[in-house]
Trainee: 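Input: one structure, supplied below.
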Amino acid sequence: MAISPFTAVVLILTVVPFSEAALTAHYYHQTCPQAENIIYQTIRNASIYDPKVPDRLLRMFFHDCFIRIEKACPHTVSCADVLAITDRDVVALSQGPWWPVLKGRKDGRVSKANESINLPSPFSNVTTLIQSFAKRGLNVKDLVTLSGGHTLGFSHCSSFSTCIHNSADPTINSEFAMNLKKKCPLHNKDRNAGEFLDSTSSKFDKDYYKRITMGEGVFGSDQALYGVTGLKGLWIHMLKMRNCSSKNSQRLWSNLEM
């Protein structure tokens, strides 16, 4: 079956091993068969009232999913699986691909706030990004592919204004940079000000890659990746791919070292 680069963006997240136990798409068929429908309906209903749900969902709507799932199937569905299913449904509702989510993840019993400092930052340089992903078994091709997840989303000024005001990055389109400066002035007081990560921010498509090749990446880290010798061709390849043949699909999976 043909696989687009955007399918790879979301599928690569599902194959990282979570534990020794095998995951399965039918994990809750006996214990909570309505789980996926509850999650889907929650997301769909939220989307009707707020078209920005795909990029805000992780922060705003998970609590509703958790409460409904727990009421329907007490002590059965893990939060980790709810998150995985939600990601799939968000992508599908945004005109992206649908795939069967492997379930059976277990929730951790310890939460450490300081572990969040290990998350990649929009201010990270290329070396830091590559090292961060390498520690998790992901290479630079995986990094470029996963960055395509930015096709959905909005960024507040705090995540990129420092870069556009304090440096003259030659890889960023000058007109685009000027537009960002107008939206996010040096002493910005509007907490809601910011920029969409691509021009079709509510659609899961390849416009993000197009904007990067045009020098219109909102995050300096994304734009910097495009400028790396040897990676520019991969960005262009991801942009040009539309429908892959089975042969190209196999090559893509090989490149991602699935």
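For the single chain, residues carry numbers from 1 onward in sequence order.
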Trainee: Look only at the side chain of T151 and the backbone of D205, and say whether a donor-acceptor pair between them is shorter than 3.5 Å.
Mentor: yes
Trainee: Show the nearest heavy-atom pair for residues P122 and F219, with the distance to one decimal.
Mentor: CB-CD2, 3.6 Å
Trainee: How would you list all residue pairs meeting disulfide bond (SG atoms under 2.5 Å apart) that involve residues 181-226, not counting sequence neighbours?
Mentor: C157-C184
Trainee: How long is the straight-line distance from NZ of K106 back to CG of L23, given to the nearest 0.5 Å?
Mentor: 9.5 Å
Trainee: May I ask you to test the V82-T86 pair for a side-chain heavy-atom distance under 4.5 Å?
Mentor: yes
Trainee: Which pair of heavy atoms, one from A92 and one from W98, lies closest together, and at what distance?
Mentor: CB-CD1, 4.0 Å
Trainee: Under 4.5 Å between any side-chain heavy atoms of V91 and W99, yes or no?
Mentor: yes
Trainee: For residues 73-85, pull every pair meeting salt bridge (charged side-chain N to carboxylate O under 4.0 Å, His left out), keeping only residues two or more places apart or in separate chains.
Mentor: D81-R105
Trainee: Check for a donor-acceptor pair, side chain of T145 on one end and backbone N or O of K141 on the other, with a separation under 3.5 Å.
Mentor: yes
Trainee: Within the 3.5 Å criterion, strictly below it, is a donor on D207 or S199 matched to an acceptor on the partner's side chain?
Mentor: yes
Trainee: Taking all atoms of both residues into account, what is the closest heavy-atom pair of Q223 and E216, and its distance?
Mentor: OE1-N, 3.5 Å
Trainee: Side chains of V144 and Y209, heavy atoms from C-beta outward: is any pair under 4.5 Å?
Mentor: yes
Trainee: Okay, side chain of T24, backbone of H26: is any donor-acceptor separation there less than 3.5 Å?
Mentor: yes
Trainee: Identify, with sequence neighbours excluded, every residue that meets ring pair (Phe, Tyr, Trp, His ring centres under 6.0 Å) alongside Y28.
Mentor: none
Trainee: Does a side-chain heavy-atom distance below 4.5 Å link C73 with Q34?
Mentor: yes
Trainee: Work out which heavy atom in S147 is nearest to a heavy atom in W235; give both atom names and the distance.
Mentor: OG-CH2, 3.4 Å
Trainee: Please walk me through it: do R191 and H156 pass side chain to side chain contact (heavy atoms under 4.5 Å, CB included)?
Mentor: CA-CA 7 Å; R191 295 184 177 181; H156 290 98; 6.0 Å; no
Trainee: Give the intermediate values and the outcome of side chain to side chain contact (heavy atoms under 4.5 Å, CB included) for residues L138 and L143.
Mentor: CA-CA 7 Å; L138 300 172; L143 176 54; over 6 Å; no
Trainee: Looking at every non-hydrogen atom in both residues, tell me the closest pair between A72 and I38 and how far apart they are.
Mentor: CB-CD1, 3.6 Å
Trainee: Is N173 reaching over with its side chain to a backbone N or O of G215, donor-acceptor style, under 3.5 angstrom?
Mentor: no
Trainee: Tell me whether T76 contacts the main-chain N or O of P74 through its side chain, where contact means a donor paired with an acceptor under 3.5 Å.
Mentor: yes
Trainee: With sequence neighbours excluded, give me every salt bridge (charged side-chain N to carboxylate O under 4.0 Å, His left out) pair touching residues 120-134.
Mentor: none
Trainee: Can you list every salt bridge (charged side-chain N to carboxylate O under 4.0 Å, His left out) pair that touches residues 24-41, not counting sequence neighbours?
Mentor: E36-R88, E36-K103
Trainee: So, D222 versus H150: side-chain donor-acceptor pair below 3.5 Å or not?
Mentor: yes
Trainee: Quick one: closest heavy-atom pair of D142 and G137, and the distance?
Mentor: OD2-O, 4.3 Å
Trainee: Step by step, work out the side chain to side chain contact (heavy atoms under 4.5 Å, CB included) result for L197 and S155.
Mentor: CA-CA 7 Å; L197 301 184; S155 175; 3.8 Å; yes
Trainee: Salt bridge check: are K182 and E175 linked by an N-O gap of less than 4.0 Å?
Mentor: no
Trainee: Would you compute the distance between atom CG of D89 and atom CG of N37 and round it to the nearest 0.5 angstrom?
Mentor: 9.5 Å
Trainee: Can you tell me how far the CD atom of E195 sits from the OG atom of S159, to the nearest 0.5 Å?
Mentor: 12.5 Å
Trainee: Could you tabulate the donor-acceptor pairs under 3.5 Å formed by side-chain atoms of residues 125-134, not counting sequence neighbours?
Mentor:
unit_1	atom_1	unit_2	atom_2	d
N125	OD1	T127	N	3.3
N125	OD1	T128	N	2.8
N125	OD1	T128	OG1	2.8
S132	OG	R136	NH1	3.4

Trainee: Indicate yes or no: at least one non-hydrogen side-chain atom of R211 is less than 4.5 angstrom from one of F176.
Mentor: yes
Trainee: Given the side-chain rings of F196 and F154, with only the six-membered ring counted for Trp, is the space between their centroids under 6.0 Å?
Mentor: yes
Trainee: With side chains defined as the heavy atoms from C-beta onward, is the minimum distance between I39 and I43 less than 4.5 Å?
Mentor: yes
